[in-house]
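Accompanying notes for the structure given below.
In listed order, ligands and their atoms are each counted from 1.
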Amino acid sequence: MIQLFSSDTPNGKKIGIMLEEIGFDYKVTKLDLAKGDQFKPEFKKISPFAKIPAIIDHSNNNQAVFESGAILIYLSQRSGKFYDKKNKLNIDQWLMAQMGSIGPMIGQYHYFYKFNKGLSDVGEKRYFEMTKSIYEVLEDHLSKNKYLAGENYSIADIATWPWLARHEWHDIGLKNYQNLSRWYSEIAGRDAVVKGYAFMDKSAVIPKP
Ligand SMILES: N[C@@H](CCC(=O)N[C@@H](CS)C(=O)NCC(=O)O)C(=O)O
C-alpha cells in the first residue's frame, strides 16, 4: 500500500493519476498547506524541502520518496508501466522539461495572476509570457507527436497534463491550440485520469478545453 502525502494541486494530482493508472492500492494523507502542515518535522523527514507530494511505499520496506518526478519514475519502475526503457531519453527530456520549466513557470504564473493579482505587474506579465510560450512549444511539439515522448502515453504526459488542467486560470485559451487541445482531451478521457484528478475531491470535474 502506498501512502500519498498530498494536497489538491497539479503536483499532487500527478501522483493521484499515476496511482490510478497503475492500479496500486493507496491512501491519501492530506496536508493543509495554508496551515503549514508541510513544515511539521515528521513530514520533513520524508520531504526535506517541505513540499508535497511525497509517498511512503508500505509494500516495499516503507520506502519514502519525495519530488514528483522521482515519485513517477519510482512508481513506473515498481509497476513496469509508462516508462518504456527503449524510449527513456525522450521520456526523460519531457519529464525534466516539466519539472524544470513547465511546472515552475506556470506555478509562478498562478502565484502572481491567480492568487496575488495586482501585487506585481512585472510578475504577472513575465509569467503570462512564459506560460503562453509553454503553450506554443507544446502545440508545436504535439503537432508532430501523439504524446510528449512520442507514440505512447508516458510519465512525461502524466507530469505535464495537470498543469494544463488549470487552463481556465490562464486566460490564454487552450481551445485555440488545436494539437494541445487534442492531447489534453484524449488524456482527460482516460478513466484513471478522471479518478486521479478527483483523488482528493470526489466531486472534481476536469475542465473542458
Ligand atoms: N519540484 C517539486 C515541487 C513541489 C511543490 O512545489 N509543491 C507545492 C504544492 S504544488 C508545495 O508543497 N508547496 C508548499 C510550500 O511551498 O510551502 C515537485 O515536483 O514535487
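Here the protein heavy atom with the shortest distance to atom 16 (O) of ligand 1 is Lys51 NZ, 2.6 Å. For atom 19 (O) of ligand 1, the closest non-hydrogen atom on the protein side is Ser68 OG, 2.6 Å. In terms of protein heavy-atom proximity, atom 3 (C) of ligand 1 is nearest to Asn11 ND2, 3.7 Å.
Evaluated by nearest non-hydrogen atom to atom 8 (C) of ligand 1, the leading choice among Thr9, Asp8, Ile52 is Ile52.
At least one side-chain heavy atom of Ile206 sits less than 4.5 Å from a side-chain heavy atom of Tyr184.
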- prompt: So Glu20 and Tyr26, side chain to side chain donor-acceptor pair (under 3.5 Å) or not? Walk me through it.
  reply: CA-CA 9 Å; Glu20 292 291 343; Tyr26 71 99; 2.6 Å; yes
message: As a quick check of understanding, evaluate side chain to side chain donor-acceptor pair (under 3.5 Å) for Glu21 and Tyr153, giving each step before the final call.
response: CA-CA 11 Å; Glu21 288 282 13; Tyr153 179 64; 2.7 Å; yes
query: Between Tyr147 and Trp183, is a ring-ring contact (aromatic ring centres under 6.0 Å, His included) present by the stated rule, with each step listed?
result: CA-CA 7 Å; Tyr147 294 104; Trp183 169 88; 8.1 Å; no
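Below 4.0 Å from some heavy atom of Met99 lie the following atoms of ligand 1, by number and element: 1 (N), 18 (C), 19 (O). Close approach of ligand 1 to Gln38 (heavy-atom distance below 4.0 Å) involves ligand atoms 14 (C), 15 (C), 17 (O).
Heavy atoms of Pro53 come nearer than 4.0 angstrom to ligand 1 in at least one pair. The closest approach between any non-hydrogen atom of Phe39 and ligand 1 is below 4.0 Å.
Phe43 and Phe5 have tilted rings, their planes meeting at an angle from 30° to 60° on a 0 to 90° scale.
Heavy atoms from both the backbone and the side chain of Glu67 come within less than 4.0 Å of ligand 1.
Checking Asp92 against Tyr83 by side-chain atom types alone, a donor-acceptor pair falls below 3.5 Å.
Relative to the six-membered ring of Tyr113, Lys117 meets both conditions, a distance below 6.0 Å and an angle of at most 45° to the axis.
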